[in-house]
Amino acid sequence: MNEVRTRYAPSPTGRMHVGNLRTALYAYLISKHEGGSFILRIEDTDQERYVEGAVEIIYRTLQGTGLIHDEGPDKDGGYGPYVQSERQASGIYLEYAKKLVEKGAAYYCFCSKDRLDSIKNVLATPSEDEDSEVKEFTKYDKHCLHLSKAEVEEKLAAGVPYVIRQNIPTEGTTTFHDVIFGDIAVDNEELDDMILIKSDGYPTYNFANVVDDHLMKITHVVRGNEYLSSTPKYTRLYQAFGWEEPVYIHCPLITNEEHKKLSKRSGHSSYEDLLEQGFVSEAIVNFVALLGWSPSDNREIMSLDELVEAFDYKHINKAPAVFDMVKLRWMNSEYLKKMDDEKFYQMALPYIKEVIKKDLNTRRIAELIKTRIETFLDIKDLIDFFEDLPDYDIAMFSHKKMKTDAASSLTVLTELLPRFEALNDYSEAGIEEVMMSYIKEKGIKNGQGLWPVRTAVSGKQSTPGGAYEIMSILGKEESLNRIRIAIDKLSQ
RNA sequence: GGCUCCAUGGUCAAGCGGUUAAGACACCGCCCUUUCACGGCGGUAACAGGGGUUCGAAUCCCCUUGGAGUCACCA
């Protein structure tokens, strides 16, 4: 068997959508599982949609996710160029399109926009629903197919704008095979004579894709399920050229909570958006890998290497998968918990510093929040009390389980305050010693003694860390000040 | 609307003719615990419906229903 070659062929139109990310990931996994090559090809045949900087985003995303390509614009593997606009400059697409014209599998078309509009079919759409849009479709009527060779030459010579269309028979069926979906047959009658070369001379995605996949010796075409319905047209192209078709792997769609295909419009769903939402790259990749596939041993937390090892494209699901942000959050928390302390500290620090302006022990704070957050964005609300004591109600001091109320808390705080004031070793251990000896002396429950203190110094009922940790981090002056404030409040 | 595809708990997802129908997230409860969290234990919850085929159907076939995708000089 030949080397497995897969490609990721994005068009540079913005951030990388998670659906595309998964497609890229699967393409990567399929080739790497077999020790093959993963190729990056930039499909920039639509100059109008081209977004400045989008290519850099693609590189950054591939780099960040670890999907390292073996060939691409920046890594020549002998099949370049890897950017379609550069390829088109050499005229290869037009050249191949002309071959098809010679074979009768394609033809020149000179129809104007107006004429095309005139053959548009409008579907009777129930307009009762406000949000129902008018749907229409055009099936080209092969008007220009019947132009004689002389007529074509004449128009070309006169400089009449043209496109080149694929000539699809009106009878018979076209069948292709997909690894996941099996054999799919479509009546040729259903297939439109799609445009291969646009009037600006650029190839359409459909055509460039087929030509390039063949020229770059791509063995497995991995793409989204939305291409399933246009695949028969590609099959006809391969057949017309006499080329061997690649193995097709159409991935199931990733949908939103409404079970609709994720789109750029749904916002929050690109790789970079997720990073901004406080997720780590490894978790995103891991999560996305499991949308539509699962390993035979049921593992869920898997590194990229483990995915490469275990991936088997024959077990990809058919049904679309909902992108569940809640589960992603869980998975992210798993990665955070497993992360070594130093790395976690470095990653969390910017988020901590956003809230903590004072000179506090941020390293200790990071340790305390590590198992309590799902994304880095959770940090803010968790630690803001360190910076400023929130305005709280004395009802905070009442807790049934801890057997505390305002009165008991006042007593505890008042009795404890002088002991803290006398304490020189204001470390967690030092503070703990003071409190434990107090609790033992008074014969009260731990909670009864500790709860009021933590509440006093944090203004909250629940915090990362307990009384010792918070007091030690805040320092003697600030924490005792907060206890005095609490005593004040409770005395009124 | 045509065409194509899909259908196991709320979500992801095992299963590929014989199982008490896994597991994970979420949710609920209990334990641990100075709070919360982490961790541990347990629980609620599914084969869309109807016909076949078969000794036997979540698994195979058909129909219905539901959902999705697609129908551009966008990819």
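In what follows, chains are A, B, ... by sequence order, proteins preceding strands, each numbered from 1.
- Here B/rC5 sits opposite B/rG67 as a Watson-Crick or G-U wobble pair (both hydrogen-bonding atom distances under 3.5 Å).
- Toward the 5' end of RNA chain B, the nearer of the two residues A/D200 and A/I180, judged by each one's closest nucleotide, is A/I180.
- Between A/H315 atom NE2 and B/rC16 atom C1' the separation is 9 Å, expressed in whole Å.
- With rounding to whole Å, A/L191 atom CG is found 18 Å from B/rG2 atom P.
- Using P as the reference atom, B/rA58 and B/rC73 are 48 Å apart when rounded to the nearest Å.
- Figure legend. B/rA45 is base-paired to no nucleotide; pairs are counted as Watson-Crick or G-U wobble with both atom distances under 3.5 Å.
- Taking the P atoms as reference points, B/rC36 lies 15 Å from B/rC27, given to the whole Å.
- No engagement by A/T455 is indicated, since no non-hydrogen atom pair under 4.0 Å with the nucleic acid exists.
- The residue A/L290 sits close only to the backbone: its heavy atoms come under 4.0 Å of sugar-phosphate atoms, none of a base.
- Backbone-only engagement by A/N317 is indicated by non-hydrogen atom pairs under 4.0 Å involving sugar-phosphate atoms exclusively.
- When only modelled atom types and interatomic distance are considered, A/S437 and A/R419 share no side-chain donor-acceptor pair under 3.5 Å.
- In this entry the distance linking CE of A/M302 with P of B/rA13 reads 15 Å, nearest Å.
- A/E190 places no side-chain N or O within 3.5 Å of a backbone atom of A/D187 that could act as its donor or acceptor partner.
- Looking at the side chain of A/P320, the nearest of the listed nucleotides B/rC6, B/rC12, B/rU4 is B/rC6.
- Listed nucleotides B/rC6, B/rC3, B/rC5 differ in distance to A/L228; the shortest reach to its side chain belongs to B/rC5.
- For the pair A/Y248 OH and B/rU4 C1', the interatomic distance rounds to 15 Å; values are reported in whole Å.
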| field | Reading 5' to 3' through nucleotides 23-38 of chain B, protein heavy-atom contacts under 4.0 Å coded B for base, S for sugar-phosphate only, - for none | value | -BSS------BBBBBS

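- Remark: C1' of B/rU70 and CD of A/E226 are 10 Å apart, rounded to the nearest angstrom.
- Residues A/R299 and A/D297 are paired through a salt bridge, judged by an N-O separation under 4.0 Å between the basic side chain and the carboxylate.
- At the heavy-atom level, A/K260 lies under 4.0 Å from the strands shown only through sugar-phosphate atoms.
- Under the Watson-Crick or G-U wobble criterion, with both distances below 3.5 Å, B/rC74 has no partner in any strand shown.
- Within the 4.0 Å cut-off from OP1 or OP2 of B/rA68, not a single side-chain nitrogen or oxygen of A/K261 is found.
- Ion pairing of A/D384 with A/K380 is absent here, as no side-chain N (NZ or NE/NH1/NH2) approaches a carboxylate O to less than 4.0 Å.
- Looking at A/Y234 and A/Y248, their side chains come closer than 4.5 Å, going by heavy atoms from C-beta outward.
- Partner assigned to B/rA21 is none, using Watson-Crick or G-U wobble distances below 3.5 angstrom.
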| query | Could you go step by step and tell me if A/Y26 and A/F311 meet the ring pair (Phe, Tyr, Trp, His ring centres under 6.0 Å) rule? | reply | CA-CA 8 Å; A/Y26 281 10; A/F311 200 73; 4.9 Å; yes

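- Pair assignment for B/rC30 gives B/rG40, based on Watson-Crick or G-U wobble hydrogen-bonding distances that are each under 3.5 Å.
- A close approach under 4.0 Å does not occur between any side-chain nitrogen or oxygen of A/T204 and OP1 or OP2 of B/rA75.
- Distance from the side chain of A/F181 is smallest for B/rC6 among the nucleotides B/rC73, B/rC6, B/rC12.
- The residue A/S296 sits apart from the nucleic acid: no heavy atom pair falls under 4.0 Å.
- Taking atom P in both B/rA21 and B/rG9, one finds a spacing of 16 Å when rounded to whole Å.
- Between A/L116 and A/I184, it is A/I184 whose nearest contact on RNA chain B lies nearer the 5' terminus.
- The residue A/C111 sits close to a base: some heavy atom pair falls under 4.0 Å.
- Surrounding NZ of A/K460 are more than 12 heavy atoms belonging to other residues, nucleotides or ligands, all under 6.0 Å away.
- Aromatic ring centres of A/Y392 and A/F385 lie farther apart than the 6.0 Å criterion allows.
- Contacts of A/Y227 with the nucleic acid, taken as non-hydrogen atoms under 4.0 Å apart, include base atoms.
- With sequence neighbours excluded, the residues satisfying side-chain hydrogen bond (donor to acceptor under 3.5 Å, both in side chains) with A/E428 are A/R364.
- If you check every strand for non-hydrogen atoms under 4.0 Å, A/S294 touches sugar and phosphate atoms only.
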